[in-house]
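Working notes for the structure below.
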There are 2 protein chains.
Amino acid sequence: MNVKRADTIADALEERIFTGEFGDGERLDEIRLATEFGVSRTPVREALQRLVASGMARHLPRRGVFVRQPGPVELMEMFETMAEIEGVCGRLATLRISEQALGRLEAANTRCQAAVESNDADGYYRENERFHHVIYQQAGNSFLEQEALRLHRRLKPFRRIQLRLRGRMAQSMREHQAIVAALKAGDAERAAKALREHVAIQGEKFHLLMSRLKPEANEV
Amino acid sequence: MNVKRADTIADALEERIFTGEFGDGERLDEIRLATEFGVSRTPVREALQRLVASGMARHLPRRGVFVRQPGPVELMEMFETMAEIEGVCGRLATLRISEQALGRLEAANTRCQAAVESNDADGYYRENERFHHVIYQQAGNSFLEQEALRLHRRLKPFRRIQLRLRGRMAQSMREHQAIVAALKAGDAERAAKALREHVAIQGEKFHLLMSRLKPEANEV
DNA sequence: GTCAACGATTTTGTATACAATATCGCCTGT
DNA sequence: ACAGGCGATATTGTATACAAAATCGTTGAC
């Protein structure tokens, strides 16, 4: 193992929170996890601290660490924030993007199109991610890029679902093309708006799916 | 002590990094800090992890944690990101702000004006902070608000300095008034632009001061 | 029967002990 | 004299032991 054990434990726990194996409010028992991972409490506690720092769990002093699944309201807030940050990245990228990066965007879009045609959701998802990462990077601000990546990653399990909606992949594809068009035209405000709405729609589609699947889970 | 010891240690270390007592690249020796704080290594290690999580230090496995002071480039990136986020908050707040909050903004501005007239930089700083916090809050997105507060806090030691520039307080005051005017007019784009530039100028002024004070520190 | 208080138990937070690995200095060989 | 390797030392990472505090159950009083 290249990284220290506490890091791997943190990753494993993170994954389990993402998949929903750990429900909201569930206490993460240090001893239980320690025995489960076959380690002492020390590395488990380090991992838990990492979860708390990333906002995936809450720490109540002398009480323990409790997983904190975002509710519908917070999820919509996170999607809105992501949309705004993407918009910012898009506006800055319009002014700063390189020719090469524009090429990478179009290449990713081409592969997205292929995925749409073969109805390959996984492939689309992968290329879509690449597309967005290029835009974050081309905003020309490493700090902003890192923040965008952080939130992007946090929303990953929720973003993925909405691609299952009928026709969403093709719609997303058209939005990508509009984004590239605005970037090529050097129209920063149009690029910002296109990206903002592209992500906002993802949030709305996700919300739609959630309210369909479990309509009772819409409060708090 | 209400909070656990590791938290207070983290706060103390954070403060010392902010004040520059710990320089960039300096190793934070667990044993040294433990003896200094009169505790064992365990709470010190927890505190160090918190610093790493907040980006104020870096952790090299089996090597230790090293303080990571942002260089001029990263600082400008952080100011630019802050400017963009404030712009976003401003745009959203224009659509969502309450009458009461508008009143609070104007009250804060009035107190700012008083501080300008008595040349009270500390007072100005305090009311300026309140002003911005109201805008974050009125964006109507708790998640975004928390992100804004986090970055705002991170930039605190650097934001404060620029107020010492001659005439900066009065200029900042005028910018605040333009922001409130845009908010009252319901012109979201104008409010966004005004806030973006207000913060961007802070970054520029800070940069100006830095290049004056230590012109050799402008690389990396 | 219910509520409160007290003690036992569990669990977190901290200290210390141990293990593993990196760093530094010395020594030897060329 | 300098480079490389080997060992001593120091430091991080993990395990265990201990302390403090919260929870839970029981018991007793009303």
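Just so we're clear, the structure is a prediction, and the values are computed from it rather than from any experiment. Heavy-atom basis, side chains included; hydrogens, waters and symmetry copies ignored.
Spacing between atom CG of B/Leu60 and atom P of C/dT21 amounts to 17 Å, rounded to whole angstrom units. Remark: C1' of D/dT14 and CG of A/Leu33 are 16 Å apart, rounded to the nearest angstrom. Rounded to a whole Å, the CG atom of B/Leu28 is 14 Å from the P atom of D/dT11. Between the CZ atom of B/Arg45 and the C1' atom of C/dA17 there is a distance of 14 Å, given to the nearest Å. Rounded to a whole Å, the CZ atom of A/Phe66 is 11 Å from the C1' atom of D/dT23. The distance from atom CZ of B/Phe37 to atom C1' of C/dA15 is 17 Å, rounded to the nearest whole Å.
A sub-4.0 Å separation between OP1 or OP2 of C/dA20 and a side-chain N or O of B/Arg62 is absent. At the phosphate of C/dT14, neither OP1 nor OP2 sits under 4.0 Å from any side-chain N or O atom of B/Thr42. Side-chain nitrogen and oxygen atoms of B/His59 include none within less than 4.0 Å of the OP1 or OP2 phosphate oxygen of D/dT11.
Taking the nucleotide of DNA chain C with the nearest heavy atom to each of B/Ser40 and A/Gly64, the more 5' of the two is matched to A/Gly64. Nearest-nucleotide positions on DNA chain C for B/Arg41 and A/Glu30 put A/Glu30 closer to the 5' end.
B/Arg27 comes within contact range of the sugar-phosphate backbone alone, with a heavy-atom separation under 4.0 Å but no base atom that close.
Using a 4.0 Å cut-off between a side-chain N of Lys or Arg and a carboxylate O of Asp or Glu, B/Glu30 and B/Arg45 qualify as a salt bridge.
Using a 30° and 60° split on the angle between ring planes, B/Phe206 and B/Phe79 fall in the tilted class, from 30° to 60°.
At most 12 non-hydrogen atoms from other residues, nucleotides or ligands lie less than 6.0 angstrom from CZ of A/Arg164.
Ring centroids of A/His59 and A/Phe66 are separated by 6.0 Å or more, keeping the two rings apart.
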